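These numbers come from the heavy atoms of this one structure, side chains and all, not from hydrogens, waters or symmetry mates. Labels below follow one simple rule: chain letters A, B, ... track the order of the sequence lines, proteins then strands, and each chain is numbered from 1. Because the structure is predicted, anything quoted here is derived from the model rather than measured.
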Number of protein chains: 2
Amino acid sequence: MNLDPADIQHLKDGYLLAALSASELEGVLVHARVRTLIPGEPLFDQGDPCTDFFFVLTGTIKLCRMAPSGEEKVMDLIRSGYFFAEAAMFMNGCYPINACSIEATRLVALDSRHFIGLVKNNADLCLRLLSKMSQRMHGMINEIDRLSLHSGAQRVIGYLLEQLPGGDAAASSVRLSVPKHVIASRLGIQPETLSRVLAKLRGQQLIEVHDDMIVLNDVDALRRLC
Amino acid sequence: MNLDPADIQHLKDGYLLAALSASELEGVLVHARVRTLIPGEPLFDQGDPCTDFFFVLTGTIKLCRMAPSGEEKVMDLIRSGYFFAEAAMFMNGCYPINACSIEATRLVALDSRHFIGLVKNNADLCLRLLSKMSQRMHGMINEIDRLSLHSGAQRVIGYLLEQLPGGDAAASSVRLSVPKHVIASRLGIQPETLSRVLAKLRGQQLIEVHDDMIVLNDVDALRRLC
DNA sequence: GCGACGCCTTGATATAGGTCAACCGGATGA
DNA sequence: TCATCCGGTTGACCTATATCAAGGCGTCGC
């Protein structure tokens, strides 16, 4: 399985590679392998040695951790056009989480060691990386206080609002691209609770639920709730 | 107020500056100011433009966010010998959190823009930074799943075990260096709940509480509980 | 077509933890 | 010295959410 020109363009648009010269990019691509995952196929496990970082071409990757009890907590959902595991690369150690697909997924695996070597000679790229990682950390700070400061219902509403296609105020409906139980885990609640929260919002006429299609009847009111 | 030689040594031991040459360090110090805070004095607020990053010489800084309700959540406690706000620096924007002292604190404020300039010309430093930020992100991932996967009691136990002076298995007692209500917020629980958890552990003979001194009677049992 | 399964929903119940209120003891300050 | 305040503790109560259990509705393979 190989990279076609559209994939390469896609990759170049991702922030990590945008700062590379043509020859550097060439080198990175030599060390890149395309992988295809069937739904639910694991990519790596928490504790595996970190040899690659990844870019999602199509599909969705679920990053999650296992509690000692066996319960799993979804930490992040990585969709087409995004890198992941690039942070682990710099620790030169092991992946801190599990990664697996939740639908048919094509992704690019890029060689960590080769890329590190590249970064050593490219201060500009380095700064971009620092900035990007700062942004991720910022996102995590938000996540931490969402989890600890807001109620389950507020987190659900926040999630729905996040999924709104940006810009268009009129198009106030959302298609859930992952199963509801995955969203529940992402939000740190049980599937039953998610279902109840949605039912309650439906009862208040704030939303309409048609399977994985959710219409937000009153975006402003929802925004006020959180 | 100025830096004395001990302070400078202290600073050089911090990871961010260890990779600098003598002349680079010189430059950084020219742009450094020592600040002294009384207990509870604010340093910056969430949303303030990010002009400096900091190093704690003595004392403790509390990083926290305010919920819309006015409730505050302690995100981190920064003690002597650690940098903070270095991530915000790379975003070139605003501080994402509030910072204030919780006791008399001496710290060094370092000029962000000057430091960024330096990093641009030092790929090695850059890599160290990337690695350090990865570690922080790793810590945040742990924090997120602690908050969402573990009970309040487990988080309390985890906190106590973290505070144990490393290495020495015999010395199984902990002195709480910050007020209990700050720890409670750090752990995402109420002060009353923290108090009850400690009372319960005391009832099980697992710990002894003497004001801010906590003796861990059975470290292994505690570790098993989480 | 039919059973099995997965996903979601709904109801009943249990429980962790939050909230409110009272109280204690030490520190502070008039 | 006494009043006050602050941090911590304890009790009573309540609410949000988890847990357990049942059932509905698609989808898939046979």
Using atom names, set out every protein N or O paired with an N or O of nucleotides 12-18 of chain C below 3.5 Å, distance rounded to 0.1 Å.
{"residue": "C/dA12", "atom": "N6", "partner": "A/Arg196", "partner atom": "NH2", "Å": "3.4"}
{"residue": "C/dG17", "atom": "OP1", "partner": "B/Gly152", "partner atom": "N", "Å": "2.6"}
{"residue": "C/dG18", "atom": "OP2", "partner": "B/Gln190", "partner atom": "N", "Å": "3.3"}
{"residue": "C/dG18", "atom": "OP2", "partner": "B/Thr193", "partner atom": "OG1", "Å": "2.6"}

Enumerate the protein-to-nucleotides 23-26 of chain D contacts in which both atoms are nitrogen or oxygen and the separation is below 3.5 Å.
none

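Summary for the helix from C/dG1-D/dC30 to C/dA30-D/dT1: the axes at its two ends, each from 5 pairs, differ by 30° when rounded to the nearest 10 degrees.
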For residues 211-226 of chain A, which side-chain N or O atoms pair as donor and acceptor with protein atoms under 3.5 Å away, sequence neighbours left out?
{"residue": "A/Asn217", "atom": "ND2", "partner": "A/Gln205", "partner atom": "O", "Å": "3.1"}
{"residue": "A/Asn217", "atom": "ND2", "partner": "A/Glu208", "partner atom": "OE2", "Å": "3.3"}
{"residue": "A/Asp218", "atom": "OD1", "partner": "A/Asp220", "partner atom": "N", "Å": "3.4"}
{"residue": "A/Asp218", "atom": "OD1", "partner": "A/Ala221", "partner atom": "N", "Å": "3.0"}

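Applying the salt bridge (Lys or Arg N to Asp or Glu O under 4.0 Å) test to B/Asp76 and every residue at least two apart in sequence or in another chain returns nothing. Evaluation of the side-chain contact (heavy atoms from CB on, under 4.5 Å) rule for A/Ser195 yields no partner, not counting sequence neighbours. Every side-chain hydrogen bond (donor to acceptor under 3.5 Å, both in side chains) that B/Arg65 has, sequence neighbours left out, goes to A/Asn142, A/Asp145. With sequence neighbours left out, B/Tyr95 forms a ring pair (Phe, Tyr, Trp, His ring centres under 6.0 Å) with B/Phe44. Legend: residues meeting side-chain hydrogen bond (donor to acceptor under 3.5 Å, both in side chains) with B/Thr60, ordered by chain and number and at least two apart, are B/Glu103. Every side-chain contact (heavy atoms from CB on, under 4.5 Å) that B/Lys200 has, sequence neighbours left out, goes to B/Gln204.
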**Prompt:** Which letters describe nucleotides 4-9 of chain D, given B = protein heavy atom under 4.0 Å from base, S = only from sugar-phosphate, - = neither?
**Reply:** ---SSS
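At whole-Å resolution of the value, NZ in A/Lys200 and P in D/dT15 are 12 Å apart.
Between the side chain of B/Lys73 and the backbone N or O of B/Ser185 there is at least one donor-acceptor pair closer than 3.5 Å. Using modelled atom types, no side-chain atom of B/Ser134 and backbone atom of A/Ala88 make a donor-acceptor pair closer than 3.5 Å.
The distance from the SG atom of B/Cys64 to the CZ atom of B/Arg186 is 11.5 Å, given to the nearest 0.5 Å.
Note on residues 37-57 of chain A: pairs passing side-chain hydrogen bond (donor to acceptor under 3.5 Å, both in side chains), not counting sequence neighbours, are A/Arg33-A/Asp52.
Comment: A/Arg146 engages A/Glu162 in a salt bridge, judged by a side-chain N to carboxylate O separation of less than 4.0 angstrom.
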